[in-house]
Protein chains: 2
Amino acid sequence: MLTDRQLDILYLIIKIYTETDAPVGSKTLMNEGIQASSATIRNDMGVLEELGFIEKTHSSSGRIPSVKGYRFYVDHLLKPTDVASQDRLEIRRAFAREFHAINDIVETAASILSDLTSYTAFSLGPEVKERKLTGFRLIPLNHQQVMTIIVTDKGNVESQVFSIPQDMSSEDLEKVVKIINDKLVGQPLITVYNKLRTEIPLVLQRYFHTPSSVMHFFDSVMAQAFEDRIFVSGKMNILDYDSLTDMSEFKSIYSLMDDEEAITSLIIPSHGDISIRIGEELENDLLENMSLMTASYEVNGHGKGTIALLGPTNMSYARMFGLLDVFRYEVADQLSDYYRSLESPH
Amino acid sequence: MLTDRQLDILYLIIKIYTETDAPVGSKTLMNEGIQASSATIRNDMGVLEELGFIEKTHSSSGRIPSVKGYRFYVDHLLKPTDVASQDRLEIRRAFAREFHAINDIVETAASILSDLTSYTAFSLGPEVKERKLTGFRLIPLNHQQVMTIIVTDKGNVESQVFSIPQDMSSEDLEKVVKIINDKLVGQPLITVYNKLRTEIPLVLQRYFHTPSSVMHFFDSVMAQAFEDRIFVSGKMNILDYDSLTDMSEFKSIYSLMDDEEAITSLIIPSHGDISIRIGEELENDLLENMSLMTASYEVNGHGKGTIALLGPTNMSYARMFGLLDVFRYEVADQLSDYYRSLESPH
DNA sequence: GTTAGCACTCTGAATGTAAGAGTGCTAAAA
DNA sequence: TTTTAGCACTCTTACATTCAGAGTGCTAAC
């Protein structure tokens, strides 16, 4: 078991390394408040290194925290810092505008978070799959084009403009609308998604002799609505906080950020309210030197959303923890208000 | 006046510098085909330097072309290369899909161009201001939200979802639709834009007692449709072709690329079919080491569009010239086809 | 268990060296 | 008059050398 002084030393190494980004030596620790001589501190550091909590960058360097060290820190030592009142203010102010869509709120969350931290922020709204399809419209715009509008019960709207396929008559279109209204409107999106692969093709075969073109139309119309849109803000900040060996490395990371699929699966597997994954724990070579903090929030009755923060392994977990905690509530509140305003007509 | 050999030397310096990205010396030029000894070539290089066409990077280095040298080259020496058949193929293939909107085509152009060149490509569709507003719709989605759809005669569609302002009744909304249909539909966008600042506020004052909130609604509805959307592709390529001193420099350039306003005004002032501006000629410190080639095309009767290419000053102007020339026709053709398909109902 | 002292290691910046590429100039050849 | 060979000179680049500084581990004494 670690002694109190050893815990202090580990804590302090992490704190100082976060601030200075340079290996921490025994003398520095002495000056920063450890009540012992540098030799004693060195002995303790030896122990901590033996246990794998800290490591050297070269044989005679100071120590930096290892992943295991950070893990121990976030699990046992971390005390969230109070959020600076200036930060609080900025958050309030950024949310103090009128929103016209859920995704506006979700996007704003990512944007404030990355501004506040200078890291990269992600924001994923309450889950889509639980929603119901409440409306489907086809608006003819001119000879060739129609606009499709899909509305879900939580106020999400997706629209798309189509050129009408050559082999599709306007009667066919009307049939499509009818089929969608009969079979799909009112269903949860997940059901819609399933029927689209099973039942609907059968129905189409009965009504059309070119079901594939109709099916294709169907598919693109619905595809959008199923996507959990994830918002990323502060991609460029990677340049500041990641010590890149290589421009191609940056490019890879950058394009990873553009891959909604990848990001979503990176962020989703979080446990509890706020989860932290450090360096290798992210199981992605590109993110070796980064950590990901994920916070989830519940919008009462409307599903679970997620915000996340990607930064260097030596980020200030304490401050970030505090911030994310504020966001958890703030975003949930904002969304909650928005949903309420949708439900109660004024 | 320059001798033939001097012209050959200038030409060859530019060619070799484009290929190797390193200063070119007299011996290299000799080996690459100049029929004279290195000493003679050095003398000619002295003349060219005296005239400001080439310059040294340090007192005993080989020469690189100056802006004036490039200028002379593009004005008098440049011979467009034939486009490689493989490139031709790729262009054909990328355009060989169905497009559902003008902007799809315009965006695709930028994307292919940047893929093909590994530079940064811009694409600006036929001018918006000439279009007429042909349709305006308000689709109620639920208690709180309406979707507005604006259609122009060239098949452009913009939609937006709104929460209805608190102090706006549905009768008010209907009035808004009526006013727009009476006063604005059928007008060219530029007229719409002007009326929105002059005539419309007066009309509103007659019908509403809170004209400002209505006006605000009006404004955001229309704002979108006026914007010339410009597409940028290959922003990340800057990392490869610009020798950045600094990450913050990259950030600045990158955010310049996000500034549609700035990019548009950078690209617009081009003369003739294909215009080239080199380094300082761009009058932007950030773009000192880059050149911009701008090509404009005419879609018969539907306005003028522009594609542009930003690359290093030592890009292969000959190849790019050929490529842009192909694009000029290809994009115009594609758009022309699209417009035709809109006009003639099948 | 703690500490002073010391030999040792490694980094990073500064300095020196040598090869290579290229130049300008001069004087001779064409 | 133009071209060329030759040479001294310049500058870059890569590589080695040196040296101070920061930090360590170990030992022996407190």
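Residue numbers start from 1 in every chain, and the chains themselves are labelled A, B, ... in the order their sequence lines are given, proteins ahead of strands.
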For A:N43 and B:D44, find the nucleotide of DNA chain D closest to each by heavy atoms; which residue's nucleotide sits nearer the 5' end? B:D44
Angle between ring planes, A:F250 versus B:F250, binned at 30° and 60°: parallel, tilted or perpendicular? perpendicular
Rounded to the Å, how far apart are [X] [atom1] and [N] [atom2]?
X: A:L29; N: D:dA22; atom1: CG; atom2: P; value: 16 Å
X: A:I9; N: C:dT2; atom1: CD1; atom2: C1'; value: 13 Å
X: A:M30; N: C:dA4; atom1: CE; atom2: P; value: 8 Å
X: B:K27; N: C:dG20; atom1: NZ; atom2: P; value: 12 Å
X: B:R5; N: D:dT1; atom1: CZ; atom2: P; value: 16 Å
X: B:Q35; N: C:dA30; atom1: CD; atom2: C1'; value: 17 Å
X: B:I16; N: C:dG22; atom1: CD1; atom2: C1'; value: 14 Å
X: A:I41; N: D:dT24; atom1: CD1; atom2: P; value: 10 Å

Under 4.0 Å, heavy atoms only, any strand: does [X] hit a base, just the sugar-phosphate, or nothing?
X: B:S59; result: sugar-phosphate
X: A:S61; result: sugar-phosphate
X: A:S26; result: sugar-phosphate

A:R319 and A:T81: side-chain donor and acceptor closer than 3.5 Å? no
May I ask you to check whether B:S233 and B:S114 show a side-chain donor-acceptor distance below 3.5 Å? yes
Kindly point out which of [options] is positioned nearest to the side chain of [X]?
X: A:H58; options: D:dT12, D:dT24, C:dC10; result: C:dC10
X: A:S37; options: C:dA4, C:dA21, C:dG24; result: C:dA4
X: A:E49; options: D:dC11, D:dG25, C:dG24; result: D:dG25
X: B:K56; options: C:dG24, D:dA5, D:dG25; result: C:dG24
X: A:A39; options: D:dT24, C:dA4, C:dA21; result: C:dA4
X: B:S60; options: C:dG24, D:dG23, C:dA21; result: C:dA21
X: A:R42; options: C:dT11, C:dG5, C:dT23; result: C:dG5

On the ring face of B:Y73, is B:K68 found with NZ or CZ under 6.0 Å from the centre and within 45° of the axis? no
Does D:dA22 have OP1 or OP2 sitting under 4.0 Å from an N or O in the side chain of A:R63? no
The test is salt bridge (Lys or Arg N to Asp or Glu O under 4.0 Å); show your working for A:E32 and A:K15 and say whether it passes. CA-CA 11 Å; A:E32 293 294 328; A:K15 180 160 181 290; 6.0 Å; no
